[in-house]
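Letters go in sequence order (proteins before strands), and every chain restarts at 1. Just so it is clear, the structure is predicted and the values come from calculations on it, not from any experiment.
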Number of protein chains: 2
Amino acid sequence: MSPPDTKQRILDAAEHLFATDGYHATSLRCITHAAMVNLAAVNYHFGSKEALLEAVIVRRLTPLNEMRLGQLEALLQRSEQSRQVPSCREVLRTFVEPTLRQRQNGSEKGDFVTLIGRTLAEPRGIAMTIFMRHMDPLMIRLYQALSLALPGLSQQLLFWRIHFAVGSLSHIMRCHERHSLVPEDVRIDLPVDELVELFLDFAVAGMEAAG
Amino acid sequence: MSPPDTKQRILDAAEHLFATDGYHATSLRCITHAAMVNLAAVNYHFGSKEALLEAVIVRRLTPLNEMRLGQLEALLQRSEQSRQVPSCREVLRTFVEPTLRQRQNGSEKGDFVTLIGRTLAEPRGIAMTIFMRHMDPLMIRLYQALSLALPGLSQQLLFWRIHFAVGSLSHIMRCHERHSLVPEDVRIDLPVDELVELFLDFAVAGMEAAG
DNA sequence: ACGATATTAAAACGAGTGTTTAAAACAAAT
DNA sequence: ATTTGTTTTAAACACTCGTTTTAATATCGT
């Protein structure tokens with residue numbers, strides 16, 4: 001009942017609306033109405049619409065990246081102790097699995113994954129610069145790990161294949177609705193673990209393909 | 001000099017701006033200014049901003065789809081005559097190669113590919129419904145061809161892997177700029193044919209992976 | 001040359017945008 | 001109970017948006 005959940009309510013509403021309609025197509029009036037707060041609350045608590053977007057992204061991306069980085073470092077440490085190179089599949093899983101797991105934890109977090117998927121799709125958008133600031137260190141580490149796992153690949157090849165895999169993943173992240181091209185007998189709402197393995201089958205084969 | 005290139009100029013300017021800034025972030029005043037025509041010209045010639053978007057998409061998508069469909073039908077006919085199943089790589093190439101070839105034919109057509117890539121990334125956007133109207137028949141045919149090329153895959157698996165591959169491709173289509181995550185010694189502007197084969201190496205391996 | 005039609009031009013329309021202001025309501029501390 | 005600082009509210013701000021209107025201009029068939 002205590003009302004200082006205003007910020008939270010704004011964040012929740014903004015997350016949902018940014019994800020479904022996009023940043024530019026969502027007005028502050030829409031957000032504040034959905035959050036049942038006053039219009040000026042956004043500028044009071046966050047400063048601007050753009051700063052609100054950053055807050056929306058950071059709130060979930062920070063813990064998500066910590067989890068991804070933690071799993072990756074743990075894997076690298078294990079592989080160092082056993083003096084074995086980590087497998088491409090294991091490395092990718094540390095990145096993919098925490099991501100897709102968020103997608104079906106209730107509706108809120110799913111909205112966030114969709115939002116990030118859309119962000120990745122707007123190269124020159126506002127959200128992209130925000131996103132980059134918080135992704136750089138993790139991506140660099142992912143690069144190193146994949147370079148270890150796939151010693152046969154040139155840096156050029158490695159880059160392009162990561163590029164392809166990221167494209168696939170971001171596509172899954174934002175497109176999880178039935179549309180006319182989906183055969184009727186195909187389940188669109190797979191359990192996370194199944195989807196993760198399905199994706200890894202595809203991505204790992206692509207990464208390890210002969211060049 | 002004769003000015004009835006007004007429609008063309010609007011289409012060109014809109015294509016470029018929609019591709020770089022997105023539909024909602026682009027105003028008609030921006031477009032008409034870039035096209036050096038009067039503001040009212042858009043509504044006069046196209047009816048509305050949304051109809052303009054459709055015109056922009058249709059102008060290039062129609063011939064592109066004709067080319068893709070033509071190459072695919074030709075391949076299927078050849079394979080029927082030789083009583084051999086078409087290879088996954090050949091099938092995918094009929095779809096991918098005409099697409100990526102447009103990307104570097106001067107700047108205009110590249111803008112279009114970027115726009116389509118962004119369209120694919122906004123599931124519930126206006127552009128998506130427009131896009132779907134013109135893609136359905138081709139996609140159905142692609143499904144059939146890939147089903148032929150990969151008889152070992154269940155329909156479920158086939159759907160998901162096409163989903164992944166489409167994600168990869170749309171990512172390439174819209175992201176062709178250097179950003180902080182691209183290693184300095186990696187060429188981002190590969191020749192089309194190289195990029196096509198690079199992508200096919202990845203996608204075909206993914207499609208054909210053991211499940 | 002004239003009249004019908006198609007196109008351009010400038011201006012205004014009403015609605016919606018993000019943001020700011022100034023007063024009101026609230027909270028906690030002295 | 002009064003003061004302090006924080007939060008909420010309603011109203012207004014200055015713009016920009018897509019679209020429409022009305023008049024001027026160009027184009028073309030006869």
> Would you indicate whether the side-chain heavy atoms of Glu97(A) and Leu92(A) approach each other to under 4.5 Å?
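Contact flag for Leu92(A)/Glu97(A) side chains = no.
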> State whether a side-chain donor-acceptor pair under 3.5 Å links Thr114(B) with His176(B).
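On atom types as modelled, these side chains qualify, holding a pair under 3.5 Å.
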> Output the rounded distance in Å from CD1 (Ile10(A)) to P (dT19(C)).
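Roughly 13 Å, once rounded to whole Å.
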> Atom CD1 of Ile31(A) and atom P of dG16(C): how far apart are they, to the nearest Å?
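Rounding to the nearest Å, CD1 of Ile31(A) and P of dG16(C) are 17 Å apart.
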> Between C1' on dT7(C) and CD on Gln8(B), what's the gap in Å once rounded to a whole number?
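The answer, rounded to whole Å, is 16 Å.
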> With the sugar-phosphate defined as primed atoms, P, OP1 and OP2, and the base as all remaining atoms, what B/S/- string results for nucleotides 10-21 of chain D, 5' to 3', for protein heavy atoms under 4.0 Å?
B-B----BBBB-
> List the steps and the verdict of side-chain hydrogen bond (donor to acceptor under 3.5 Å, both in side chains) for Thr99(A) and Arg68(A).
CA-CA 8 Å; Thr99(A) 311; Arg68(A) 294 198 271 211; 2.7 Å; yes
> dA6(C) C1' sits how many Å from Asp5(B) CG, rounded?
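Computing the Asp5(B):CG to dA6(C):C1' distance gives 16 Å.
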> Assess whether a salt bridge exists between Asp5(A) and Lys7(A), defined as any Lys/Arg side-chain N lying under 4.0 Å from an Asp/Glu carboxylate O.
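Judged by the 4.0 Å cut-off on N to carboxylate O distance, Asp5(A) and Lys7(A) do not form a salt bridge.
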> Using whole Å, what does the distance between atom C1' of nucleotide dG18(C) and atom CZ of Phe46(A) come to?
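So the CZ-C1' distance, Phe46(A) to dG18(C), works out to 16 Å.
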> Looking at His171(B) versus His171(A), is the centre-to-centre ring distance below 6.0 Å?
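No: the rings miss the under 6.0 Å criterion.
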> Would Glu208(B) and Arg161(B) satisfy salt bridge (Lys or Arg N to Asp or Glu O under 4.0 Å), going step by step from the backbone distance to the final call?
CA-CA 9 Å; Glu208(B) 293 177 339; Arg161(B) 293 195 174 170; over 6 Å; no
